[in-house]
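Taking it in order: structure first as structure tokens, then the write-up.
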Amino acid sequence: MQRRRRKQNRKFFLSGFILFLLLFVIAAAGYSSYYLKVPGSFWEELIPVPEGDTVSVLIEPGMTASQAARAFEFSGALDKGSPVQLTKWLVKFGIDKRIRAGHYNVVPSDPWNLARQLRTARPALLKAQILPGIDIFALIDSLTSQDKKLTRENFCNALLNNDNYPPDLLALLKNMPEDEYTRVAFLMPETYMLVDRTADELVKTSALAWWRLWGDLVTQHKLTAQDIQEASIIAAMVEREVLFDDECRRVAGVIHNRLRSKMPLQIDATVVYAWRLKGRKLTRVLNKDLEIDSPYNTYKISGLPPRPICVPGGASWEAALDPEYNEYYYYVAGRDGHHYFAKTYNDHLRNIKQARSER
């Protein structure tokens with residue numbers, strides 16, 4: 001009986017010793033994995049990814065693993081170790097081949113834990129929006145409200161920076177008035193997701209989008225800088241005058257007809273812009289507003305105004321580059337925003353009466 005009891009005690013002691021030894025090995029391995037940073041995949045699963053306050057790190061397009069590692073160090077995300085050690089872990093985990101540009105929000109960590117975070121991290125992109133029909137003043141207000149780092153000065157500088165334009169588009173722009181009011185028309189209205197919401201990146205991205213859409217047409221038809229400048233002015237007027245895309249080419253045709261006949265364009269949107277330049281916002285153009293002395297007052301001047309009055313959208317650019325051939329010289333908007341078109345002034349007066357009866 002005592003012999004059996006001693007045998008059971010030895011088995012119990014041996015089992016306890018084996019369990020203790022196993023726990024010791026696990027603890028030692030975990031300790032070495034965490035503190036000595038020699039992890040294996042098994043231990044990595046057992047050790048939680050760091051949690052806490054994050055810092056944002058910008059990884060720019062085309063960065064190598066070593067450049068990205070230095071960016072993490074510079075931003076304070078690497079609180080122990082060196083960029084060289086982080087680079088080694090990025091390579092070991094295969095992150096160096098698939099790291100994408102954008103903003104990474106990470107918990108400041110040592111090289112191994114930082115690389116572990118980056119295995120599943122997804123970069124955030126920043127939104128910047130250019131609306132069709134927006135003038136340069138409203139665009140600057142919109143952008144600066146989205147990001148306080150953007151100012152009127154750096155946005156205008158970005159518009160004037162030749163490095164921000166595709167070479168073929170730049171060749172045309174250099175033969176136009178070199179001012180921000182002309183160049184803003186060559187930004188493609190769109191919502192852009194940017195790696196970094198800077199004025200230079202927004203201008204570069206949106207100007208490239210414009211050239212990709214219209215570059216082939218410009219090249220095939222051998223349009224000159226003057227052709228494109230005039231088209232930009234007409235496109236901007238069409239954008240502000242027309243609510244429905246199917247009327248854009250027709251309104252552009254009216255503008256061309258009046259230009260050929262040397263008639264004043266008499267476009268209210270240009271009068272609104274003329275007052276905008278003087279710091280006054282008009283919601284409705286009255287007869288007294290038509291007396292403003294401005295090269296944008298198309299009730300007084302002949303021909304086109306000197307610059308585009310807004311950022312034209314795609315349908316307006318298409319209309320300006322390929323206007324409808326028609327015999328209309330007048331149009332007036334009805335209650336729903338569609339226009340009545342007329343060939344003669346008497347017909348136009350009847351259309352005005354019709355449009356007013358709808359209100």
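Numbers here simply count residues along the sequence, with the first being 1.
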Main-chain N/O of [Y] paired with [X] side-chain donor or acceptor, under 3.5 Å:
| X | Y | answer |
| --- | --- | --- |
| R258 | P264 | yes |
| N113 | D110 | no |
| N297 | V271 | no |
| K262 | S302 | no |
| D141 | A138 | no |
| T182 | E178 | no |
| S109 | V107 | yes |
| R249 | D322 | yes |
| T298 | I267 | yes |

Separation between [atom1] of [X] and [atom2] of [Y], rounded to the nearest 0.5 Å:
| X | Y | atom1 | atom2 | result |
| --- | --- | --- | --- | --- |
| D135 | L277 | CG | CG | 8.5 Å |
| N351 | K353 | CG | NZ | 12.0 Å |
| Q266 | L290 | CD | CG | 8.5 Å |
| T87 | K92 | OG1 | NZ | 14.5 Å |
| Q354 | D347 | CD | CG | 13.0 Å |
| L265 | I301 | CG | CD1 | 7.0 Å |

Lys/Arg cation over aromatic Y165: R183, 6.0 Å, 45° cone: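 Yes, cation above the ring, under 6.0 Å and within 45°.
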
Sub-6.0 Å ring centroid separation between Y340 and Y331: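 Between Y340 and Y331, the centre distance exceeds or equals 6.0 Å.
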
Parallel, tilted or perpendicular: rings of Y273 and Y296 (30°, 60°):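 Ring orientation of Y296 relative to Y273: perpendicular.
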
Please indicate whether [X] has more than 12 foreign heavy atoms, meaning atoms of other residues, nucleotides or ligands, lying under 6.0 Å from its [atom1].
| X | atom1 | result |
| --- | --- | --- |
| R276 | CZ | yes |
| N346 | CG | yes |
| D293 | CG | no |

Passing candidate, side chain to side chain contact (heavy atoms under 4.5 Å, CB included) with L118, options F72, W89, F93: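 Of the listed options, the one satisfying the test is F72.
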
Presence of salt bridge, D289 and R280, under 4.0 angstrom: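 Here R280 pairs with D289 in a salt bridge, since their nearest N and O are under 4.0 Å apart.
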
Beyond-backbone contact of V332 with H348, side-chain heavy atoms, under 4.5 angstrom: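 Counting from C-beta outward, V332 and H348 do come under 4.5 Å.
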
Sub-4.5 Å side-chain heavy-atom contact between E190 and Q129: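 The answer is no; the side chains never approach within 4.5 Å.
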
Inter- and intrachain pairs under side chain to side chain donor-acceptor pair (under 3.5 Å), touching residues 199-215, at least two apart: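 Sorted result for residues 199-215: N164-D200.
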
Residue pairs, two or more places apart or on separate chains, that pass side chain to side chain donor-acceptor pair (under 3.5 Å) and touch residues 230-240: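 Pairs touching residues 230-240 that pass the test: Q226-E230, E239-S316.
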
Single-linkage hydrophobic cluster, 4.5 Å side-chain cutoff, L213 and I234 together: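 Per the 4.5 Å side-chain linkage, L213 and I234 are co-clustered.
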
Pair Y330-F341, ring-ring contact (aromatic ring centres under 6.0 Å, His included): steps then yes or no: CA-CA 6 Å; Y330 307 91; F341 293 87; over 10 Å; no

Derivation of the side chain to side chain contact (heavy atoms under 4.5 Å, CB included) call for L259 and L304: CA-CA 8 Å; L259 288 172; L304 293 171; 3.9 Å; yes

Using atom types as modelled, flag every donor-acceptor pair under 3.5 Å from a side chain in residues 168-176 to any protein atom, sequence neighbours excluded.
residue	atom	partner	partner atom	Å
N175	ND2	A171	O	3.1

